[in-house]
Amino acid sequence: MHDIRLLRDQMDHLREGMRRRGKLAELQPLLDRAEQLERERREAIRAAEDAQSQRNRISQDVAQRRRAGEDAEALMAEGRAVGARIAELEARRQAVDGEMQDILLQLPNLTLDEVAEGGEEANTVVRTWGTTREGEQGIAPHWEVGEALGVLDLPRGAKISGSGFIVYRGLGARLVRALMNLMVDTHVEEHGYEELWVPLLVNRATMTGTGQLPKFEDDMYAVPDDDLFLIPTAEVPVTNLYRDEILDAAELPRGFVAFSACFRREAGSAGKDTRGLLRVHEFDKVELVRYATPENSRAELDLLTSHAETMLQRLELPYRVLKLAAGDTGFSSAMTFDLEVFAPGVGKWLEVSSCSVFTDFQARRANIRFRAAAGEKPRFVHTLNGSALAFSRIIAALLEQHQQADGSVRVPEALRPYLGRDTLR
RNA sequence: GGAGAGAUGGCCGAGAGGCUGAAGGCACCGGUUUGCUAAACCGGCAUAGGGGUAACACCCUAUCACGGGUUCGAAUCCCGUUCUCUCCGCCA
């Protein structure tokens, strides 16, 4: 969410930001409306406050007269009239304010200057790591190897929950545990993150704090009786950890790592990537979240991204790093790096991590601030997050990239202590 | 799930329709005193919004968990919600 003051003082800047995302045509009417509303809003505030001031004066006069034992009936009648006017003015103020909020919630974040204009086609590969097995013949897609090795049971997942729900079995199940332990241990021991274990069901305020609500309610699994939602990512509970709090500057930057299941309805993507593990309704993920000061958040994004990359290197999976163009950058993000691994069985690059800096966009919404020094005004922190990594696609990539001619799968060095063997066969 | 008690500033804690943005204490910041530490004393000490100013000053409004209501006027009375605590029930 943007600062309402941008609408007043920096409309050109805001307009330029929407243009860079390729959203100006779509959002121009909103911006125009907002500009007008901002004037009305201040007008309404002023009128309402003037009336309140008048009422307070009348009430004090009544009190004085009462104490003096004089009659206050006329004043009280006046007070009633003013009270009625306040109610009207208040209603108008709320209406204007409500519409303004609606608009603010629909405007995406401004991207950093270094982010290229344009859509997906303007994304750039900033680096690659490892050698892919692109074009190599005879590599089976992960669902075939997975079923053959007895580590995946997709038909039964579909039976007990539906399509897009996975049963891992045997070493497959253990692989999930191994990935969790490898990743969390690495981020805690080597990268200095604090480990968290968080609720998978969260309330509406939490979902709103990170921006899933109100706009994306249809994408979420919900428990309406309790007004709770299944998290689409651990970013939601972890970023909300300090909602409505003021942190000490000495505590920043701060990093948290959490393993969680993630639930996504994937409404609107019917028919895409329906086979195997590429697009599922429930998957596991290790998520990194960082809180930073505005001064160092850009550098923190590079650090966070490098932490996610470390995991791919440990898993010996070739990958590339994409810097997303403005039009492909997520709603709340100011800049995003996507990490994609190559899965030679399906012949595709798979997105397994998305590392973003949100500047103060989420923090304003969730009201997370910090105080640089005692006595100074609190400012909004900058938040960042990135997956490190999303399991289902990683498992797909492992089953394909490390697949051997006899159909067995080599276990990368780093996973062996956790998995207890060097080959899946 | 049932019964009861509670929620006031960074913290503790008073207040029970008007003179209360809120006593008192602690913490914190500045000053005086002081060989040092400590103590004592004096002063300061919420946030947000609107106006105002070159910038200050200053003025107004809101905020005593949250949302409604009663009233000329609500921290205070009424209703609803949330959370915390105690007891009972249930449960991994």
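Order of the sequence lines sets the chain letters (A, B, ...), proteins ahead of strands, with each chain counted from 1.
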Tell me: [atom1] of [X] to [atom2] of [N], nearest whole Å?
X: A/Gln54; N: B/U61; atom1: CD; atom2: P; result: 11 Å
X: A/Glu49; N: B/G52; atom1: CD; atom2: P; result: 13 Å
X: A/Arg41; N: B/U61; atom1: CZ; atom2: C1'; result: 14 Å
X: A/Asp244; N: B/U47; atom1: CG; atom2: P; result: 17 Å
X: A/Ile86; N: B/C72; atom1: CD1; atom2: P; result: 13 Å
X: A/Glu40; N: B/G50; atom1: CD; atom2: P; result: 16 Å
X: A/Arg39; N: B/G51; atom1: CZ; atom2: P; result: 13 Å
X: A/Asp50; N: B/C59; atom1: CG; atom2: C1'; result: 11 Å

Does a sphere of radius 6.0 Å around CD in A/Glu120 hold more than 12 heavy atoms from other residues, nucleotides or ligands, not counting ones at 6.0 Å or beyond? no

With a 6.0 Å cut-off (strictly less than), is the heavy-atom count around CG of A/Asp226, excluding the residue itself, greater than 12?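 Correct, the count exceeds 12.
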
Looking at A/Val280 and A/Glu266, what are the two nearest heavy atoms and their distance? O-CG, 4.1 Å

Dot-bracket, RNA chain B: Watson-Crick or G-U, under 3.5 angstrom, [ ] crossing, | other strand? ((((((((.[[[..)..(.....]]].(((((.......))))).((((((......)))))).[[[[[..)....]]]]])))))))....

So, [X] side chain and [Y] main chain: donor-acceptor pair closer than 3.5 Å or not?
X: A/Glu195; Y: A/Val184; value: no
X: A/Asn240; Y: A/Thr206; value: yes
X: A/Glu147; Y: A/Leu154; value: yes
X: A/Asp328; Y: A/Ala325; value: no
X: A/Glu300; Y: A/Val357; value: no
X: A/Asp338; Y: A/Leu324; value: no

Closest-nucleotide 5' rank along RNA chain B - winner of A/Ala77 and A/Ser53: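 Nearer the 5' end of the strand: A/Ser53.
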
Gap in Å between the two [atom1] atoms, one belonging to [N] and one to [M], rounded:
N: B/A92; M: B/C85; atom1: C1'; answer: 24 Å
N: B/U76; M: B/G69; atom1: P; answer: 14 Å
N: B/C64; M: B/G10; atom1: C1'; answer: 16 Å
N: B/G4; M: B/A74; atom1: C1'; answer: 26 Å
N: B/U81; M: B/U71; atom1: C1'; answer: 23 Å
N: B/A38; M: B/A23; atom1: P; answer: 28 Å
N: B/A3; M: B/G13; atom1: P; answer: 28 Å
N: B/C11; M: B/U47; atom1: P; answer: 14 Å

Which atom pairs, donor and acceptor, lie under 3.5 Å between side-chain atoms of residues 72-94 of chain A and protein residues at least two apart or in another chain?
from	atom 1	to	atom 2	distance (Å)
A/Glu73	OE2	A/Arg80	NH2	3.2

Look at the side-chain N and O atoms of [X] and state whether any lies under 4.0 Å from the OP1 or OP2 oxygen of [N].
X: A/Arg42; N: B/G51; answer: yes
X: A/Arg80; N: B/C72; answer: yes
X: A/Asn56; N: B/U61; answer: yes

Give every pair of a protein N or O atom and an N or O atom of nucleotides 53-58 of chain B that lie under 3.5 Å apart, one pair per line with the distance.
none

Applying ring pair (Phe, Tyr, Trp, His ring centres under 6.0 Å), can you list everything that pairs with A/Tyr221, at least two apart in sequence or on another chain?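 Partners of A/Tyr221 under the ring pair (Phe, Tyr, Trp, His ring centres under 6.0 Å) test: none.
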
Base, sugar-phosphate, or nothing: which does [X] touch, judged by heavy atoms less than 4.0 Å apart?
X: A/Arg5; value: sugar-phosphate
X: A/Leu75; value: nothing
X: A/Asp61; value: nothing
X: A/Arg8; value: sugar-phosphate

Listed in order of residue number, which residues of residues 90-104 of chain A have a non-hydrogen atom at under 4.0 Å from RNA chain B? none

Pair listing, salt bridge (charged side-chain N to carboxylate O under 4.0 Å, His left out) test, anchored in [range], at least two apart:
range: residues 42-56 of chain A; answer: A/Glu38-A/Arg42
range: residues 158-173 of chain A; answer: A/Asp153-A/Arg169
range: residues 96-109 of chain A; answer: A/Arg33-A/Glu99

For the ring pair A/Phe361 and A/His2, is the centre-to-centre distance below 6.0 Å?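 Centroid distance A/Phe361-A/His2: below 6.0 Å, so yes.
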
Among the nucleotides B/G51, B/U61, B/C72, which one has an atom lying closest to any side-chain atom of A/Gln52? B/U61

Spatial distance of atom CG (A/Leu384) from atom CG (A/Leu288) [nearest 0.5 Å]: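 Reported value, rounded in 0.5 Å steps: 10.5 Å.
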
Distance-only donor-acceptor hits, side chain of residues 172-183 of chain A, under 3.5 Å, sequence neighbours excluded:
from	atom 1	to	atom 2	distance (Å)
A/Arg174	NE	A/Leu419	O	3.4
A/Asn181	ND2	A/Arg177	O	3.2

When you check every protein heavy atom under 4.0 Å of nucleotides 74-85 of chain B, what one-letter string (B, S, -) results, 5' to 3'? ------------

Please tabulate, one pair per line, all N/O donor-acceptor pairs under 3.5 Å involving side-chain atoms of residues 389-398 of chain A, not counting sequence neighbours.
from	atom 1	to	atom 2	distance (Å)
A/Arg393	NE	A/Leu278	O	2.7
A/Arg393	NH1	A/Glu351	O	2.9
A/Arg393	NH2	A/Leu278	O	2.9

Atom pairs, protein N/O to nucleotides 16-20 of chain B N/O, distance under 3.5 Å:
from	atom 1	to	atom 2	distance (Å)
B/G18	O6	A/Arg66	NH1	2.8
B/G18	N2	A/Ser59	O	2.8

